[in-house]
Participant: 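What follows is a single structure, and I will ask about it in a moment.
If you're wondering where the values come from, they're calculated on a predicted model, not measured in any experiment. Position 1 is the first residue of the sequence, and the numbers go up from there.
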Amino acid sequence: MRVRRVAVIAVLGMLALVMPFSAAAAPAGPATPPAAYRVPGLDSPAARTAVANQGVEVLGGGRDYLEVRATPAQADRLRASGLQLESLPAAAPLPAPVAPGHFPIGYQGYHTYSQLTAELNSLAAAHPNQVEVSSYGKSVQGRSLLLVKISDDVHTDKHEPEVLFSCAQHAREHITVEMCLHIVRRLAQGYGPDPAITRLLKSREVWVMPMANPDGAEYDISTGLFSMWRKNRQPTPENSHVGTDLNRNWGDEWGCCDGSSSSPASDTYHGAAPFSAPETAQLRDWVNSRVIGGVQQITAHIDFHSFSELVLWPYGFTASDTGPGLTKSDADTFRKLGEQMAATNGYTPEQSSQLYINDGSIGDWMWAQHHIWSYTLEMYPTSMSQGGFYPPASVIDRETARNDAAVDLLLNYADCVPRVTGAHCTAR
């Protein structure tokens with residue numbers, strides 16, 4: 001272990017001495033496309049953060065590796081620091097296209113924005129007392145930001161714990177749209193026939209945001225193939241680059257800690273200011289609107305992402321398990337419930353910063369601003385070699401149902417999440 005720690009420290013030192021790619025002069029000429037690599041041997045958060053900070057695009061990761069997309073210059077710099085790079089399959093698969101704006105062959109079980117809207121409206125029509133579809137705002141390009149409410153009496157705002165599920169802040173993570181749709185479908189169709197679901201919906205109000213970044217999701221399939229697009233489609237002022245990373249644009253510790261990028265060219269560009277993206281600003285406003293009589297009605301939240309099969313919790317901006325407004329007791333609660341959720345789906349549970357430092361995330365803001373017990377679930381798979389952001393449609397049913405028990409755990413504890421540690425809560 002001592003030799004391994006010394007090796008990691010040496011790598012960190014080498015990386016710190018290398019000039020960032022953005023600052024290096026490069027001769028003019030056609031750029032070689034980035035390639036995907038697995039970087040093993042990164043057995044500490046500091047080592048993984050150091051790699052992430054080299055300007056590479058982090059695709060996924062775990063407790064001893066990252067999978068990244070890097071330009072030739074970035075790859076050379078990582079190798080020069082002593083790291084091993086293992087080549088991975090192409091970052092985006094090349095299946096046969098059907099038509100522009102549609103998922104390609106092998107992926108047609110995924111929903112486009114219009115297909116998602118139609119299915120949600122169909123569920124609301126079939127279950128008018130349990131499902132209501134509305135909107136919490138408009139995207140950059142004018143698409144409605146879809147909002148679904150599910151309850152036993154959906155048209156009445158009851159004094160019950162509320163739970164929020166959000167999906168697809170990142171455009172290419174299409175399997176998360178299917179996750180949110182699965183939650184709506186399962187709860188709506190289970191009310192009545194399923195006693196456990198019926199009991200939950202009689203004591204909880206559930207909100208679902210199935211596609212938080214519709215412009216980006218539609219752009220990702222606009223050619224009929226996959227574009228590996230992550231951000232929204234917001235033009236950058238005085239710059240030719242497009243898009244802000246919505247999950248680096250939240251206001252808590254925005255841009256604080258080298259956990260996002262100030263470069264509009266980067267996939268983790270945090271935007272010109274906190275909440276500069278309409279999609280994050282309107283989601284924020286809606287969450288703020290759930291403060292009624294001085295009490296935030298939303299008690300728990302999951303933001304679904306892909307990939308890596310992880311259960312993550314705040315904070316992401318600091319390696320410490322405590323921070324502003326997050327006590328040791330809070331951290332113990334986050335960990336306990338996170339571990340219980342991970343025990344149901346086989347994911348790896350850890351504090352968000354244990355993967356690598358990230359700032360301006362939705363989870364950090366939810367807790368810091370409202371003390372909402374907010375988790376991030378990174379879905380299937382664990383590697384680009386298994387499909388990465390684009391697993392085939394044949395796995396949708398299996399991988400969404402895989403999270404049923406985790407969703408139910410959060411719903412069950414929503415009245416008092418600290419109950420998971422044996423603690424008590426004051427009356428709401």
Side-chain angles (χ1 to χ4, degrees), residues 131-139 144-167 169 180 183 200-210 212 246-247 249-254 273-304 313-317 323-327 329-331 333-334 337 359-376 407 410-420 423-428:
V131 179
E132 183 177 55
V133 180
S134 61
S135 167
Y136 61 94
K138 296 284 187 180
S139 69
S144 291
L145 299 171
L146 298 169
L147 177 67
V148 185
K149 183 182 179 184
I150 314 159
S151 179
D152 65 323
D153 184 6
V154 75
H155 303 296
T156 302
D157 193 357
K158 297 183 177 181
H159 186 65
E160 296 174 341
E162 299 182 7
V163 179
L164 172 65
F165 298 100
S166 54
C167 291
Q169 282 201 88
C180 270
I183 290 171
L200 285 172
L201 291 184
K202 284 184 176 292
S203 59
R204 306 285 187 267
E205 293 187 318
V206 179
W207 300 92
V208 181
M209 297 173 170
L246 299 185
N247 206 32
N249 188 237
W250 290 80
D252 186 66
E253 304 295 342
W254 176 84
F275 301 111
S276 56
E279 294 87 352
T280 54
Q282 291 169 100
L283 205 164
R284 171 205 61 194
D285 292 347
W286 181 84
V287 172
N288 289 344
S289 77
R290 297 313 299 161
V291 177
I292 299 174
V295 178
Q296 173 57 256
Q297 302 301 296
I298 302 169
T299 61
H301 167 238
I302 292 177
D303 190 42
F304 286 98
W313 55 84
Y315 281 131
F317 76 88
L326 199 160
T327 66
S329 176
D330 298 329
T333 298
F334 267 118
L337 183 53
D359 49 43
S361 71
I362 190 173
D364 283 9
W365 181 86
M366 288 279 189
W367 178 258
Q369 295 300 312
H370 291 287
H371 276 207
I372 294 169
W373 299 94
S374 181
Y375 289 86
T376 296
V407 165
L410 193 74
L411 290 170
N412 272 296
Y413 279 110
D415 62 311
C416 175
V417 174
R419 279 196 298 112
V420 75
H424 301 281
C425 298
T426 56
R428 286 165 51 81

Participant: If you measure from the Lys or Arg side-chain nitrogens to the Asp or Glu carboxylate oxygens, is any gap between D152 and R204 under 4.0 Å?
Facilitator: no
Participant: Is the closest side-chain heavy-atom distance between W286 and I298 below 4.5 Å?
Facilitator: yes
Participant: Side chains of S361 and N247: donor-acceptor distance under 3.5 Å anywhere?
Facilitator: no
Participant: Tell me whether W367 contacts the main-chain N or O of G325 through its side chain, where contact means a donor paired with an acceptor under 3.5 Å.
Facilitator: yes
Participant: Has H424 got more than 12 heavy atoms of other residues, nucleotides or ligands less than 6.0 Å from its NE2?
Facilitator: no
Participant: Is there a donor-acceptor pair under 3.5 Å between the side chain of K149 and the backbone N or O of W207?
Facilitator: no
Participant: Between K202 and D153, is the closest basic N to carboxylate O distance under 4.0 Å?
Facilitator: no
Participant: Say whether, by atom type as modelled, one donor and one acceptor occur between the side chain of E132 and the main chain of V148 under 3.5 angstrom.
Facilitator: no
Participant: Would you mind checking if K158 and E205 are paired as a salt bridge, meaning a charged N to carboxylate O distance below 4.0 Å?
Facilitator: no
Participant: So T376 and F304, do their side chains get closer than 4.5 Å, heavy atoms only?
Facilitator: no
Participant: Before you tell me yes or no, could you show the steps for E162 and V206 under side-chain contact (heavy atoms from CB on, under 4.5 Å), namely the whole-Å CA-CA distance, both residues' side-chain angles and the distance that decides it to 0.1 Å?
Facilitator: CA-CA 6 Å; E162 299 182 7; V206 179; over 6 Å; no
Participant: Working note: Y413 + W373, criterion side-chain contact (heavy atoms from CB on, under 4.5 Å); need CA distance, chi angles, decisive distance, verdict.
Facilitator: CA-CA 10 Å; Y413 279 110; W373 299 94; over 6 Å; no
